[in-house]
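Counting starts at 1 for both ligands and their atoms, in listed order. Index from 1, following the sequence.
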Amino acid sequence: MTQANTARRPDRVLSGMRPTGRMHLGNYHGALKNWVDLQTQYDCYFFVADWHALTTAYDETQTIEDFSREMVVDWLGAGLSPEHATIFVQSKVPEHAELHLFLSMITPLSWVERVPTYKEMIDSLESKDLATYGFLGYPVLQAADILMYRAERVPVGMDQAPHVEMSREIARRFNDIFGRGADFESQVMATLDSQGGEFKKAFLHCHRRYREGGDAEALRQGLAMLGGLESVAQEYVERLEGYLRGTGRVILPEPQTLVTETPRVVGLDGRKMSKSYGNTIQLRDSPEVIERKVARMQTDPARVRLKDPGDPAKCPVYAWHEIYLDEEQRQWAAEGCRTASIGCRDCKQPLIDALSAERTEFIERATPYAENPAEVERVLAAGSEKARVIAKETMHDVRSAIGLIHG
Ligand code: TRP
Ligand code: SF4
């Protein structure tokens with residue numbers, strides 16, 4: 001049983017990434033930067049989804065550990081800090097597997113079959129064997145990752161939104177099935193009694209107004225009363241909330257999907273930046289490499305000669321300017337381009353400067369970890385242990401709701 005009253009803790013945030021090795025700027029602007037911003041505002045849990053790598057590549061396991069470590073070095077280089085966020089590895093918290101098992105029992109087959117990425121990935125990754133039980137169950141594993149931490153918010157890219165949505169549906173189903181034990185009502189009344197007659201009367205009044213009259217204000221008031229409860233275990237608060245809402249006890253709360261707004265990140269060749277296209281800028285590329293890579297970056301093809309005017313909207317470099325240059329520099333570039341008063345080489349210089357400065361900062365932060373893998377392992381071990389405390393609590397509640405506590 002949880003003793004602490006967690007009603008007023010900062011919202012918990014959870015997200016994960018598959019171990020893909022060194023990160024590029026597409027990964028950074030698509031997710032990691034957002035994580036770094038979130039870590040000081042919320043109680044953040046970020047993890048390496050190493051089991052997820054197995055769902056699409058069970059025959060490439062030899063890279064998983066190195067890729068995990070390299071990725072985490074980049075997380076730390078980008079500014080994620082174990083002082084703020086809990087950074088851990090999925091496989092070090094084996095409770096994820098147990099929750100996945102339970103959730104798989106109640107997830108209708110039709111739900112996993114209709115996940116949009118399922119058929120798409122089978123079609124697009126022809127070289128891979130995706131006709132496995134594990135790959136079909138991938139979103140259920142993801143639901144276990146998410147629901148385990150009872151996080152309020154899950155920041156993900158657009159492509160992952162359907163998976164978070166499905167974890168909400170699975171949570172709802174779980175709570176419907178297991179959230180209302182035989183003694184549900186008597187437990188609710190006992191908790192209310194422990195809060196005194198006034199509290200009980202006011203709460204039951206809200207309950208009646210909401211359940212009988214659909215009064216949303218009464219629901220709001222009832223929830224506010226629960227938010228103000230002190231020294232009542234979370235389990236009991238959840239039961240009261242379930243009673244108020246009419247759903248039973250909420251064992252696995254539904255998280256909110258936070259779709260990350262991300263800028264368009266194009267690769268050196270103007271296509272989407274992607275490891276498989278070989279068109280990336282890496283988080284820890286040296287300033288010399290940046291100089292070389294930006295020099296060969298595509299520009300507006302209409303600017304063959306210096307005197308040909310160009311159109312920034314058609315230029316991949318300008319897409320980068322949108323991210324890295326300030327308003328004044330951007331105007332200078334756009335004007336100079338349209339009037340052919342600057343060359344592409346000049347135009348690229350402030351971008352080279354900004355990217356190099358950012359790289360230098362990331363490399364500086366990452367180097368102590370890159371040079372000392374044991375230090376990375378230490379961060380991950382400590383984070384995983386911390387994550388496990390929550391995972392164990394959740395699993396205790398889950399097992400007890402299902403009726404699988406022996407002894
Ligand atoms: N499926 C995600 C991806 O491919 C990674 C992931 C696994 C994840 N579990 C998660 C993301 C839980 C958010 C929350 O990018
Ligand atoms: Fe692109 Fe700048 Fe060259 Fe114009 S001047 S095409 S914006 S690099």
Note to self: Give me the residue, atom name and distance of the protein heavy atom closest to atom 5 (C) of ligand 1.
What the structure shows: Gly16 O, 3.7 Å

Check: Between Tyr277 and Arg271, is there a cation-pi geometry (under 6.0 Å to ring centre, at most 45° from the normal)?
Finding: yes

Check: Among protein heavy atoms, which sits nearest to atom 1 (N) of ligand 1, and what does the distance come to when rounded to 0.1 Å?
Finding: Tyr138 OH, 2.6 Å

Margin query: Show, in sequence, the C-alpha distance, side-chain angles and deciding distance for Glu335 and Gln331, and conclude whether the side chain to side chain donor-acceptor pair (under 3.5 Å) test is met.
Written below: CA-CA 6 Å; Glu335 283 244 349; Gln331 257 178 13; over 6 Å; no

Next item on the list: Could you please spell out the steps behind the ring-ring contact (aromatic ring centres under 6.0 Å, His included) verdict for Phe88 and Tyr149?
Entry: CA-CA 13 Å; Phe88 70 101; Tyr149 298 92; 5.4 Å; yes

Next item on the list: Identify the two heavy atoms, one from Lys293 and one from Ile281, that lie closest to each other, and give their separation to 0.1 Å.
Entry: NZ-CA, 4.0 Å

Item checked: atom 14 (C) of ligand 1: the protein heavy-atom neighbour that sits closest, reported with distance to 0.1 Å -> Ile146 CG1, 3.7 Å

Item checked: Sub-4.0 Å atoms of ligand 2 with respect to non-hydrogen atoms of Thr299 -> 6 (S), 8 (S)

Notebook entry, point to check: Does the N or O separation between His163 and ligand 1 drop below 3.5 Å for any pair?
Noted result: no

Checklist line | Minimum-distance protein heavy atom relative to atom 2 (Fe) of ligand 2 | finding: Cys347 SG, 2.4 Å

Margin query: If the cut-off is 4.0 Å to any non-hydrogen atom of Val156, which atoms of ligand 1 fall inside it?
Written below: 13 (C)

Margin query: Taking N, O or S atoms only and a limit of 2.8 Å, check whether Cys315 reaches atom 1 (Fe) of ligand 2.
Written below: yes

Notebook entry, point to check: For the residue pair Phe362 and Tyr28, does the interplanar ring angle fall in the parallel (under 30°), tilted (30 to 60°) or perpendicular (over 60°) class?
Noted result: perpendicular

Next item on the list: Using a strict 4.0 Å cut-off to heavy atoms of Arg18, name the atoms of ligand 1 that fall inside it.
Entry: 4 (O)

Note to self: Using the rule given for ring-ring contact (aromatic ring centres under 6.0 Å, His included), can you reason through Phe102 versus Phe174, listing the C-alpha separation, both sets of side-chain angles and the distance that settles it, and then say yes or no?
What the structure shows: CA-CA 9 Å; Phe102 286 142; Phe174 186 93; 7.7 Å; no

Check: Between His29 and Tyr324, does the ring centroid distance fall short of 6.0 Å?
Finding: yes

Check: Is there a side-chain contact between Val73 and Arg365, using heavy atoms and a 4.5 Å cut-off?
Finding: no

Note to self: Test of understanding: given a 4.0 Å heavy-atom threshold, classify the contact between Phe47 and ligand 1 as side chain, backbone, both, or neither.
What the structure shows: side chain

Notebook entry, point to check: Which heavy atom in Val48 sits nearest to a heavy atom in Ser68, and how many Å separate them?
Noted result: CG1-OG, 3.5 Å

Check: Would Asp397 and Arg249 satisfy salt bridge (charged side-chain N to carboxylate O under 4.0 Å, His left out), going step by step from the backbone distance to the final call?
Finding: CA-CA 11 Å; Asp397 286 356; Arg249 189 182 145 221; 3.7 Å; yes

Item checked: Metal check, atom 3 (Fe) of ligand 2 vs Cys344 N/O/S, cut-off below 2.8 Å -> yes

Next item on the list: State the atoms of ligand 2, each with its element, that fall below the 4.0 Å cut-off from a heavy-atom position in Asp300.
Entry: 6 (S)

Note to self: Just to be sure I read this right, does ligand 1 sit under 4.0 Å from the backbone of Val164, its side chain, both, or neither, counting only heavy atoms?
What the structure shows: neither

Margin query: Starting from atom 8 (C) of ligand 1, what is the nearest protein heavy atom, named by residue and atom, and what distance separates them?
Written below: Gln142 NE2, 3.5 Å

Next item on the list: Say whether Arg303 and ligand 2 are in contact under the criterion: heavy-atom distance to a ligand atom below 4.0 Å.
Entry: yes

Notebook entry, point to check: Based purely on interatomic distance, does Ser15 place a nitrogen or oxygen under 3.5 Å from a nitrogen or oxygen of ligand 1?
Noted result: no

Next item on the list: Specify the protein heavy atom at minimum distance from atom 9 (N) of ligand 1: its residue, its atom name, and the distance to 0.1 Å.
Entry: Asp145 OD2, 2.7 Å

Check: Stepwise, does the side-chain contact (heavy atoms from CB on, under 4.5 Å) test hold for Arg303 with Leu306?
Finding: CA-CA 7 Å; Arg303 290 209 76 184; Leu306 190 59; 4.2 Å; yes

Check: With respect to Arg245, which candidate in Leu240, Leu223, Val250 satisfies the side chain to side chain contact (heavy atoms under 4.5 Å, CB included) definition?
Finding: Leu223

Checklist line | Heavy-atom gap Gly310 to ligand 2 smaller than 4.0 Å | finding: no

Item checked: Protein heavy-atom partner closest to atom 7 (C) of ligand 1 - residue, atom, separation in Å -> His52 NE2, 3.4 Å

Next item on the list: May I ask you to identify the nearest protein heavy atom to atom 3 (C) of ligand 1, giving residue, atom name and distance to one decimal place in Å?
Entry: Gln160 NE2, 3.4 Å

Next item on the list: Provide, to 0.1 Å, the distance between atom 4 (Fe) of ligand 2 and the closest protein heavy atom, together with that atom's residue and name.
Entry: Cys337 SG, 2.3 Å

Check: Against heavy atoms of Ala49, which atoms of ligand 1 measure under 4.0 Å?
Finding: 7 (C)

Check: Distance from Arg209 atom CZ to Glu217 atom CD, nearest 0.5 Å?
Finding: 7.0 Å

